[in-house]
Structure formats: structure tokens, C-alpha cells
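All remarks here apply to the structure that follows.
Since this is a predicted model, take the numbers as computed values, not measurements.
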Amino acid sequence: MNIRALIERELNEEQREAVLWTEGPILVFAGAGSGKTKTLTMRIAYLIEGLKINPTNILAVTFTNKAAYEMKSRVEKLLNRNIDYMWIGTFHSMCVRILRREIHHLGYKSNFSILDEEDSVKLISDAIKSLEIPKDYFSPKKIYREISWIKSRGKFVNDYIPHDNYEVNVKRIFKKYEEIKKEGNLLDFDDLINFVTKVLNKYDEVAHFYGDKFKFILVDEYQDINPSQHKLLKALTKYHKNIFVVGDDDQSIYRFRGSTYELMLSFKRDFKGTKVVYLSKNYRSTETIVNASKGLILFNKKREEKPLKSTKKGGEKIKVYAALNEIDEAMFVVRTIDELISKGISLNDIAILYRTNSQSRAFEDILIRSGIPYRIVGGIKFYQRKEIKDIISYLRLLLNYKDFLSLERVFSFPKRGIGKKTIERIKREITSGKDMIQAIESVIKETSQTKIKENLEKFKENFKKWETLKDSVFTLVETIIKDTNFRDNLEDERRENVDEFLSIVRDFIDRSNTENLDEFLSYISLITDADKIESTEKVTLMTVHAAKGLEFDTVFVVGLEEGLFPHFKSLASREDIEEERRLMYVAMTRAKERLFLTYALRRTIRGRPEFPEPSRFLNEIPGEYVENLGEYSSQEESKSQFVRGVSVREGERIRHEEFGYGIVIEVHSEANNPYIVVDFGEGNIKQLSLKYAPIRKE
DNA sequence: TCCACGGGCATTTTT
DNA sequence: TGCCCGTGGA
């Protein structure tokens, strides 16, 4: 089908406008569920098919690999041809591609390795040690965050001006960290962005080259951009202003990682003559859900006012449930899921969203007990697992033997009887300019211990063999695993992960048509397992952050309590509260048909009982869209306890001599000191010992 | 070199 | 309450 006809048929007027405006900067506010990806992909298809732009002249940038894959495959479907030569990727992957060509300008070698967060923290910890600063005062993780924050502003060490003694030390650590990285030919995530900007700004011929190459630039999720990425875009658009950005400022939820949605709001001032388009039709959620979430987000002061209307009239009211505690909350959710199943709703269409990962536990317990299959998104990531990082270290080391982090990992696992001291020696040899084989040989010569000699000799032979396999990754990985007896003494789960890694290598080869180690490593360093596909029938559990961009027929947003959602760390400033509110907005707008909100009157946090207030967000949703389900409804599951001849159950009414009538929230049958928790109304909740409390049943 | 124990710490986390 | 990291002994 002709692309113009397709645009005519498939898009609404606003979307069409966003697609067809191809001269100069354009800013698109795409409200939740308004067909953002459709617009974006159609625009790319139009550039290629309608305007006959060569795909190599288009750059489309996303924040996640998943979004990039999806965009690419949807464009290919529209065009009915493959567009491998077009650059569709994340900010980071695009930067890696550029840097492999250009980083020599900055005195690095093109075979640099990429550090993940854990690696960076480790290096900072090394830096602190070498500076002999007390590390209890300077936590490596905290320092990493500070350094990363500075870099996310597009700044380098020398731009950082310390204001007090603490910051003076931060700067010293920062500087050392940069030195160590340079020495090991290592780059962290932030470097990838900043280095490209630096090259572009410093070498005009490079800026010319890429400015000329990328004649059209498209950026997805623009509300999540940080200043360093913004600087990069500025550098890329030095010679033309064909930049299309799309996003929703109300869905900006990564402020803590340096994102500033203000850059979206200021885009018009930033790029002169910007065309602004609002996608205002929500095709996803019912009118009730759209209006309710709109009502909530209006409490934010700093935002772009924009129209948003549901295309689905009416809809079920949003149900609010007040649970007694996290267990009752989970039981309510599971009971409701059971009802939905009997109505024929698929488990895949149901999601449970929470603010913090620790909340998943109660839901898991109850789901397991009820035999409802579930999947948890997030948690410990595949590529963060020790065994996986260990394998990857071998690969990294093969490509960049100055990668000291990998060197340490490689010699520490599997255990070879080679310790810290020996590793230090090898490091020193490499620093003085030797390659891996030479370095090992001279350590063998130096050492007097035969055991170490033997082990090093063996490793050297293996390493030599591996080096010949750089152009067939799969065989290489298999061989490494075999040669090092990698699988031995690994628990089943870890062993399965190793197998999973092998199939990832296979997938990569099939997908990219290359068996090259360099390419595989670039790829592997920048992916997370967000794009793992699972098709079996399961309820999805995840944080609200992880749910961004997804949609479900039925959504439960749980733990709506002051201190949890909004989180207590965000209560102090208006900006932080507004971010929490956007988070709530994202959570609500994931639902297509049904939305349930729950909170608990009592919650155990780190082993301590707390009695939180219901979240302010509940009050901010216009009442007309809400139906209150009231409190407590899980009698059949409740525990009971004998009190002086009488049994007390959760949910029962009792009378206390001093406090009057109350409802039993919890029953604890601890052998020595059985106690109950009773709600006497008006926020008066008491914990009472069954041995002594003057209570009777009514 | 390796393992076991205990103190400290505890949102969210696209790459 | 539970996990992670660092330390100290075998």
C-alpha cells in the first residue's frame, strides 16, 4: 500500500500533522495511550518511502533497546523491507558506534570496554583505597551517584567545583577514577555520551560528517532526556535543525537519574521556530481512567497543559480497597484475580504495580498459595548475575587486556589458586606495556611457587587458544566454559543461567549475522533483559517504573500509603512529590479497562509495624470516578487465637475496658506472648497482649 | 586463599 | 527483617 494512503487511513489529524511536518524542529506532546509509537514509525516510513530519504540519513534514538527493536520491526513491517542501514538505537549504542570510529581523537583506543554500574562502583572503591581516604565516610556507591550526576549534566572532572571539604575529596576520588578508567581503556555509561559530544564540539570535520550523515533525527521519550544527552543532540544538530522529539512531560519519572523534563518544556525556546503538536486522543483507557488520572496530574504545578480525551466512553469505576495489612491486601488482589479469571480474563492482561521491590514478597506468598502463576519483572537482572559477569569478563579481557576489572574476575573465578598478589603482578606487567601472554610469562619466571607456575602456564595456553577464536563467538564461549570447567561446582540455577547465556550468543549471531567478538561485546554491554519475551499465562508483578510504556486490561496499584507511595524520601520537596505524582499517573494510565487501588492500614516495614495514612493521591482523584470497597473482607483466611476460653478471629469485634469497641486486625499466635492488633477507630490502633489485656468478645 | 560471621543499611534504576 | 560487604581466623 502506498504510504500516503496509509497515513490518510491509519492516522488521526494530529498524528498526521506530526508525521508530515518535515522541515525544521518539531515537538510532539504525546499523552498516555495516544499512539506515539505509531506516529513515530509512520514518520520514519514516510521519510523513506514518501520523501525518498536514504535510511542511512536517518537517526532514531530511544532510551531502551526494547523500544529500538520495536520501532525497527514496526517500520520494516510498514515498508515491507528491512532497514538495517538505518540507525535506530539507544543513545548509548549510537555513541558506542560513533566512538569506535572517533575515540582516537581523545587518546583512547577503539577497543575500549564499557563498564556497568557495578564495575564503576568497584573502580571508585579502588580509587578511594588508593587515596587512603576513610571509606566509611565516602561510600563508593554514593560517590558513584554523585559523579554520575555531574556527568549527566554533561560535565567533566575539571568542571566540578568543590564547595566544602567533603566535595574536595569527592573531586579527588573523581579524578582518580577517571585516571584508572583511562589507564584501563574503560568507559562508563556517562562517558559514552559525553565523549561523543566532546569529539563533535572539538573537531568540526567530525561534526560536519555526522551532521551531514544524520539529515533527520528523531528522539523518543524526550521527557527522559538529561542535560548531557541534550548537549549531544545540540552538537549533532549544529548544521541542520531537522529534529523531531516526542514524549509526555507528565510521564517523566527518572529525575533521580538525571532526567529533566524541563528540557522538553523549554524545547521551543531551545530550537527556534519549533512546530508543536499535541496528540490528544487516548485510545488505550476508558473515559473513567483517563479523567481520573487527569484529575490527579492537575495537582502538579510545573507541567505543560495539554488536551487529552478518551475514545472509549464510560467505563467501570476505579475501585479502592483499604486492607488491614499487606497480607490482607495481597489476599484481596488474589481474590479479585480469581473473579476475573472466572470471567474469562487472561492472566497476561493483569498487572500488580508497586512502588518498591520489597512489596512483591507478600504478593508472591499469596499467589503461590493460590496456585496462580506469576512473573516478576525486574529484580536481579540476568546480566548482573555473578556467573554471567564472570563469563563476560573472559570476553572483555580477550579484547582489551588492560581491562583490569575483568582480569580480576577472570583469575578469581573459577578458582585457580591464584590470589591477589599474583593478579597485582600481572596487572603491573600489563601496565608497563606488555600484552597478556608476555605478562603471564614474566610472572611465571619471577615466581618461585610451582603451583602458581603450573596454573599460570595452563591459563596462558588456554588464552592463546581463545585468541584464535575471536571470529566465532559461540565456539569461543563454549570453549572457555569447557577449558575452565566453568560449570563445575555451580548450583543448578546458575548452571541454567550459563546455558541461557549460550542461547543468547546463538540469538545474537542469528539476528546480527556476525560472529564477531567485538560486536557481540558492544551489544552485550548495553542490554538489559527488559526484552525477554514470555508468552505463558502469568500475572505480571513489577514496580511502576518498570511498567512505563506497557498496558494491561486490569491493573492493581498497591501500597498507596503516605511514606510508601509517595515514598518517604520524596516527602520533603515539591519537586519530588510531583515526580511521585507523575509516577502515580504512569501507574494509573497503564490500565485499559479496570483499575484497582489498594492501601493497608497497617504495614510491617523492616520488621516494624507501621500505621500509615492513606496516600494523598487517593484524595486527589476526583471522587466521581471512584468506588470505595471499604475495609477488610478475608474472614475465611483469618487466623484465630484462644483467649481465656474464647477464640478471637481477625475481623471480629471485641471490647476493651479502657479503649471500648474495636476490630481485630491481626492475630499473632506466638507461643510465649500471643497478641492481637486492634483498630479502635479514628486512627487508634493498638497492639494488645492476649495474656493480660482486659478484653472480651462482643 | 577461602569461608563464616556480624555490623550496617535499606526507592525507583532505560544504559 | 533480610541482604551485602568487610574482616578475621583456619
Side-chain angles (χ1 to χ4, degrees), chain A residues 61-68 89-96 114-122 125 129 135-136 139-142 144-145 148 151-152 187-193 220-221 223-226 228-229 251-259 326 353-359 361 377-381 383-384 386 411-413 415-423 449 451-452 455 522-531 542-550 559 563-571 576 579-580 582-584 586-587 603-610:
Chain A
V61 199
T62 62
F63 282 87
T64 66
N65 291 294
K66 193 178 162 198
T90 62
F91 269 102
H92 294 85
S93 69
M94 160 187 106
C95 288
V96 171
I114 301 159
L115 304 172
D116 67 13
E117 191 170 319
E118 192 193 336
D119 298 332
S120 294
V121 171
K122 173 81 176 39
S125 167
K129 270 178 211 148
K135 69 173 176 320
D136 45 337
S139 114
K141 203 160 192 175
K142 216 171 133 197
Y144 170 74
R145 271 187 212 140
S148 178
K151 290 185 172 191
S152 78
L187 269 66
D188 65 22
F189 288 138
D190 301 303
D191 293 335
L192 296 176
I193 311 287
D220 191 14
E221 305 275 20
Q223 77 281 353
D224 287 333
I225 199 137
N226 69 32
S228 83
Q229 291 155 341
Q251 293 187 62
S252 160
I253 53 173
Y254 285 101
R255 202 169 95 96
F256 68 96
R257 294 190 108 239
S259 302
E326 62 272 16
L353 308 183
Y354 36 76
R355 177 64 241 265
T356 66
N357 285 116
S358 60
Q359 287 168 261
R361 199 181 205 98
V377 177
I380 327 118
K381 301 214 160 55
Y383 295 97
Q384 312 270 77
K386 187 187 168 295
F411 281 102
S412 321
F413 190 90
K415 306 234 153 56
R416 293 191 178 75
I418 290 170
K420 240 190 176 146
K421 276 198 178 144
T422 316
I423 295 173
Q449 288 164 271
K451 189 88 197 149
I452 292 179
N455 287 332
S522 288
Y523 163 82
I524 213 85
S525 305
L526 296 177
I527 57 166
T528 52
D529 40 1
D531 58 334
M542 62 187 146
T543 63
V544 181
H545 281 93
K548 201 183 76 165
L550 305 177
L564 189 55
F565 198 0
H567 197 271
F568 75 95
K569 292 229 171 167
S570 308
L571 297 178
D576 285 342
E579 172 112 342
E580 295 285 309
R582 287 192 294 272
L583 204 49
M584 180 65 184
V586 168
R603 185 177 294 276
T604 309
I605 293 175
R606 281 181 232 146
R608 299 241 92 99
E610 307 263 346

- Message: Can you tell me how far apart CG (A:D191) and CG (A:L115) are? Round to the nearest 0.5 Å.
- Response: 8.0 Å
- Query: A:H545 vs A:F256 aromatic rings, parallel, tilted or perpendicular, using cut-offs 30° and 60°?
  - Reply: perpendicular
In whole Å, I'd like the distance from the [atom1] atom of [X] to the [atom2] atom of [N].
X      : N      : atom1 : atom2 : answer
A:K142 : B:dT11 : NZ    : C1'   : 16 Å
A:H545 : B:dT11 : NE2   : C1'   : 8 Å
A:Y144 : B:dT15 : OH    : C1'   : 9 Å
A:K122 : C:dC5  : NZ    : P     : 12 Å
A:Q251 : B:dT14 : CD    : P     : 17 Å
A:E326 : C:dG2  : CD    : P     : 12 Å
A:L564 : B:dT12 : CG    : P     : 10 Å
A:K66  : B:dT13 : NZ    : P     : 14 Å

- Would one find a side-chain N or O of A:T543 under 4.0 angstrom from OP1 or OP2 of B:dT13? yes
- Query: OP1 or OP2 of B:dT13 sitting under 4.0 Å from any side-chain N/O of A:N357?
  - Reply: yes
Check every strand shown and say whether [X] touches a base, only sugar-phosphate, or nothing at a heavy-atom separation below 4.0 Å.
X      : answer
A:F91  : nothing
A:D116 : nothing
A:S259 : base
A:E117 : base

- Message: With nearest nucleotide decided by heavy atoms, which residue, A:L583 or A:T90, maps closer to the 5′ end of DNA chain B?
- Response: A:L583
- Toward the 5' end of DNA chain B, which comes first, A:D190 or A:T356, by nearest nucleotide? A:T356
- Item | Charged N-O contact under 4.0 Å between A:E326 and A:R361 | no
- Message: Looking only at the side chain of A:R145 (C-beta and beyond, no hydrogens), which of the listed nucleotides B:dT13, B:dT14, C:dC3 gets closest?
- Response: B:dT13
- Among C:dC3, B:dT11, B:dT15, find the nucleotide with the atom closest to the side chain of A:R361. C:dC3
- Item | Face-to-face contact A:F256 to B:dT12 six-ring, under 5.5 Å, under 30° | yes
- Item | Face-to-face contact A:H567 to B:dT11 six-ring, under 5.5 Å, under 30° | yes
- Item | Spacing of the P atoms in C:dC5 and B:dT12 (rounded, Å) | 16 Å
- Heavy-atom closest contact (A:S152 atom, A:N226 atom, distance): O-OD1, 3.5 Å
- Result of checking A:R255, A:R582, A:K569 against A:D576 for salt bridge (charged side-chain N to carboxylate O under 4.0 Å, His left out): A:R255
- Task: Tell me, with the steps shown, if A:R257 and A:D224 meet salt bridge (Lys or Arg N to Asp or Glu O under 4.0 Å).
- Result: CA-CA 9 Å; A:R257 294 190 108 239; A:D224 287 333; over 6 Å; no
